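Inspection log for the structure reproduced underneath, given as structure tokens.
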Amino acid sequence: MASNHLYLVDGSGYIFRAYHRLPPLTNVHGEPVGAVYGYTTMLWKLADELHKADGPTHMAVILDKSSHTFRNELYDQYKAQRPPPPEDLIPQFPMIRDATRAFSLPCIEEEGLEADDIIASYAKAALREGWSVTIVSSDKDLMQLIEPGLDLYDTMNNRRLGPEHVLEKFGVMPDRLGDVLGLMGDSVDNVPGVPGVGPKTAAKLIQEHGDLEGVLAAAPSMKPGKLRDNLIEHADNARLSRVLVTLKDDAPLKDSLEELALQGIPEAPLRAFLEHHGFKSLLAKLSAVADAPVEAPKSVPQEEDPPCDHDGYETVVDVAALDAWIAKARAQGWIAIDTETTGVDATRAELVGISMALEPNKACYIPLAHGGTGLFAEKPDQLTPAIALEKLGPLFEDPAVLKIGHNLKYDMIVLGRLGIDVAPHDDTILMSFDLDAGLHGHGMDELAATHLSHSCIAFKDVVGTGKSQRSFNEIDLKAATRYAAEDADVTLRLWRRFKPRLVAEGATRIYEMVDRPLAPVIARMERHGVKVDREKLAQLSTEFAHSIAALETEIHGLAGGPFTIGSPKQLGDVLFERMGIKGGRKGKSGVYSTDVTELERIAADKDSPGKVIAARVLDWRQLSKLKSTYTDALQAQINPETGRVHTSYSLTGAQTGRLSSTDPNLQNIPIRTEIGRQIRDAFVAEPGNVLLAADYSQIELRLAAHMADVPALKEAFASGADIHSMTAQELFGEVNRDTRGRAKTINFAILYGISRWGLAGRLDVTADEAQGMIDRYFERFPGINHYIVETTEKARDKGYTETLFGRKTHFPRIKSKVQHERQGAERAAINAPIQGTSADIIKRAMVRMGPALADAGLPHVRMLLQVHDELVFELPEGDVDAARPVIERVMATAAEPAITLSVPLGIEIGVGASWGAAH
DNA sequence: GAACTCACG
DNA sequence: GACGTACGTGAGTTCG
């Protein structure tokens with residue numbers, strides 16, 4: 001067997017060259033990818049080398065990790081003049097790592113070392129073993145390493161660089177190149193050298209005098225002039241430069257040489273990466289070679305992190321320590337953060353401290369407001385919020401430092417209230433959701449247990465429970481540090497696991513283009529809140545209370561005695577035992593069902609003795625529900641500081657990708673009944689403003705028509721026909737109130753995964769009749785049945801379904817041996833791509849809405865609420881005419897350009913002084 | 001804390 | 001052969 005051949009790729013050097021040589025390309029998501037594309041084609045070229053006789057047997061990509069290295073210790077001006085990378089290159093750095101992983105290549109980067117030093121160390125080690133080495137670079141510093149058995153490969157010009165190239169360009173052999181470079185200096189790296197000495201002079205001097213020391217020693221005897229003076233005056237600079245350009249070739253190797261062995265390039269991650277960026281020419285090439293046998297994927301040994309060392313975390317209480325952490329974060333380029341506060345409501349909680357983590361077990365806690373709240377309460381030594389935030393604010397807003405959090409939306413709100421705009425960011429809760437929705441929850445404790453085999457310190461164990469529960473600011477600094485720093489540490493560890501998985505598993509698009517950018521948008525909405533008219537709610541409460549009391553008296557009279565109407569058990573006993581109404585038992589607990597369908601059945605039965613009481617109980621139920629859940633609870637939710645209600649949206653609560661809303665839930669405010677609708681009138685605009693409600697009309701049916709490819713449905717939507725009437729015509733041959741209603745029920749049943757029994761129950765027909773309608777539906781709308789079969793099969797085969805934008809929802813229960821579990825999973829799987837795609841579309845609209853309104857000169861239009869297919873805005877009355885078309889356009893085109901729908905997305909917009917009036 | 005009920009899309 | 005029936009949520013009440 002031929003000897004080993006190690007290829008070392010100078011990734012960092014390549015990125016800058018590619019950036020400057022290639023046009024500013026963007027991918028289908030609008031992300032700048034010029035350098036990424038160049039880099040990817042370079043790796044592709046290298047992959048071709050694999051098959052050559054003297055091709056690589058081992059390969060690694062080397063990247064610069066930090067800007068601060070040992071050279072800065074020698075010379076503080078080293079690389080100091082270097083401008084920051086261009087704006088549109090910064091986001092490409094993480095993508096370069098993604099590209100490297102897509103090729104299943106090891107990626108090496110180390111703190112305190114430049115890529116060149118790592119390359120030199122690996123090169124020397126390999127040469128000592130008798131291997132051949134090729135460095136993929138055209139960097140002049142690396143040319144110093146050229147010797148027998150080692151060459152450089154410049155992929156851009158497709159040429160090999162050997163000693164003759166160095167001789168031609170610098171006039172010396174590679175072993176003297178360092179002396180030449182030392183004399184020349186390097187303005188890009190701010191290496192001083194000797195003024196007036198360029199490549200020609202340097203080469204001549206070294207040729208004449210052997211090496212740098214020879215030149216400097218000979219300087220006094222040179223002919224008088226500028227060159228002689230400069231050599232004498234800047235001799236020390238020349239010596240320093242000689243050291244700076246010398247590569248460190250004895251650094252310890254992070255991975256052994258053997259670990260760099262090439263084991264084939266699995267196709268799946270590479271395809272996912274190319275598809276994400278839409279690199280079509282490379283995809284075509286991939287397909288051409290895909291038929292060739294591919295070696296088994298390399299089994300990468302899972303990197304084991306050390307266990308959490310709670311006592312090793314640092315408590316930061318002075319400026320010097322804080323500065324040190326901030327400097328390290330800047331040098332590294334990313335940091336995990338977490339805020340500790342006095343409560344769970346981000347729009348009210350006060351900041352208590354901040355934790356940060358740089359690497360596993362390298363974490364700290366910065367207490368800011370610990371100590372009792374009383375006047376004489378003792379406070380531990382700690383930084384004041386003002387001083388700490390003056391330092392941390394610029395870090396959290398530094399575009400060159402990635403802030404990593406778990407549910408960072410919370411921290412964004414807390415810090416946003418303090419005037420800090422956290423950016424850029426990564427969020428591990430969203431990463432987990434986009435990778436594993438449906439498999440498990442995404443809370444940090446659960447993820448730590450699942451992915452890190454680590455059980456986090458329970459918050460309850462720190463603050464206690466019940467009456468003895470304390471606020472986090474009352475926790476002593478030692479315990480607080482153990483808990484808080486662990487959170488940042490765990491977040492960082494999770495991030496290191498999830499980040500590579502995003503590309504490998506095809507979740508990058510949904511994460512980068514939808515969920516990640518949505519977090520700050522939602523944070524702003526939650527901070528804005530919505531104005532609620534307390535008087536109006538109080539007035540409704542009173543009205544409802546009177547009606548409830550009257551109904552209660554009447555119901556007790558009808559029942560022949562008092563009982564608790566709100567108790568389903570007591571109500572069931574009264575109706576079905578005491579009053580002898582016929583009905584069936586339900587549920588394992590043996591109580592009679594008294595839900596709305598049961599009560600309506602009784603109320604509609606002319607001959608039932610319970611006809612009246614059932615109707616009264618229904619009224620009582622409706623009013624009690626409205627009063628307790630809405631008019632009473634909502635008043636209590638008004639924030640006294642802002643006078644508005646601030647809901648909290650969960651981005652990870654609903655398996656399909658929808659948002660959910662809590663504390664309070666503003667996604668289930670009544671609208672279906674006239675009496676409930678009054679509650680919407682209590683949601684109002686500030687004086688001089690109005691509310692604008694914009695909703696997608698029939699979006700899920702439209703998406704079903706597109707995704708299942710149903711010609712009749714698509715035509716109906718294109719022509720603006722009433723879809724339920726059209727369905728009624730197709731199924732029943734005539735359109736009237738009854739057939740349209742039935743058609744509407746069937747249309748929805750389709751979206752939910754139909755069963756004949758379910759439909760029979762809804763339409764009050766036999767299962768056979770229901771089956772007949774379903775058969776006719778499938779016949780009239782070919783495509784629907786195909787969609788259902790395809791979707792459930794995919795869910796069974798792959799374990800998940802996908803939306804048009806690639807969002808996955810997992811259905812582990814689809815393989816359950818328990819029939820109803822399995823069938824339930826099948827129905828959910830049928831629905832998830834449709835509901836999820838709808839969620840993706842409105843989320844994309846939300847992400848684009850802010851910039852679109854700003855571009856239109858409408859900075860005062862604020863997005864307040866999202867209710868699955870509806871967005872609610874508050875805006876100055878005078879902005880309505882200008883805002884309406886912008887909002888309409890952003891929503892209607894939200895799927896583009898990633899997806900071109902075959903149905904139009906209809907938008908309905910209403911404006912009014914209240915939410916009720918805007919409908 | 002589970003069960004039941006019901007508000008929304 | 002019986003069972004229990006639509007998808008996705010959150011919140012208030014009762015009761016063991």
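Below, chains carry the letters A, B, ... as their sequence lines are ordered, and counting in each starts from 1. None of the values given here were measured: they were computed from a predicted structure. Just so it is clear, the values below take in all heavy atoms, side chains as well, and ignore hydrogens, waters and symmetry mates.
If you check the side chains of A/T347 and A/R644, you find no donor sitting under 3.5 Å from an acceptor. In the model, A/Q667 has no side-chain atom that pairs as donor or acceptor with a side-chain atom of A/Y649 under 3.5 Å. Between the side chains of A/H724 and A/N747, at least one donor-acceptor pair of N or O atoms lies under 3.5 Å. Between A/Y630 and A/N668, the side chains place a donor N or O and an acceptor N or O closer than 3.5 Å (distance only, hydrogens not considered).
Using a 4.0 Å cut-off between charged side-chain N and carboxylate O, A/E730 and A/R776 make no salt bridge. Remark: A/R796 does not engage A/E793 in a salt bridge, criterion side-chain N to carboxylate O under 4.0 Å.
Note on A/L666: nothing from the nucleic acid sits closer than 4.0 angstrom, heavy atoms only. Here A/T647 lies out of heavy-atom contact (under 4.0 Å) with every strand. Using a 4.0 Å heavy-atom cutoff across all strands shown, A/I671 reaches sugar-phosphate atoms only and no base atom. Within 4.0 Å of A/T594, counting heavy atoms only, lie sugar-phosphate atoms of the nucleic acid but no base atom. Counting any heavy atom pair closer than 4.0 Å across all strands shown, A/R827 reaches sugar-phosphate atoms only and no base atom.
The line from CZ of A/F459 to CD of A/Q469 is 7.0 Å long, rounded to the nearest 0.5 Å.
Stem analysis of DNA chain C (at least three stacked-register Watson-Crick or G-U pairs, each with both distances under 3.5 Å) gives B:1-9 with C:7-15.
Between A/R672 and B/dC8 there is a side-chain polar atom (N or O) within less than 4.0 angstrom of OP1 or OP2. For the pair A/R762 and C/dA6, the criterion of a side-chain N or O lying under 4.0 Å from OP1 or OP2 is met.
By the ring pair (Phe, Tyr, Trp, His ring centres under 6.0 Å) test, A/H406 is found to be paired with no residue, residues two or more places apart in sequence or in another chain being considered.
Sorted pairs that involve residues 749-760 of chain A and meet side chain to side chain donor-acceptor pair (under 3.5 Å), not counting sequence neighbours, are lacking altogether. For residues 623-637 of chain A, the salt bridge (Lys or Arg N to Asp or Glu O under 4.0 Å) pairs, not counting sequence neighbours, are A/K627-A/D632.
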Letter per nucleotide, 5' to 3', of nucleotides 9-16 of chain C [B base touched, S only sugar-phosphate touched, - untouched; heavy atoms, 4.0 Å]: SBBSSSS-
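Taking a 4.0 Å limit (strictly below) on heavy-atom distances, residues 746-753 of chain A reaches DNA chain C at A/A749, A/Y752.
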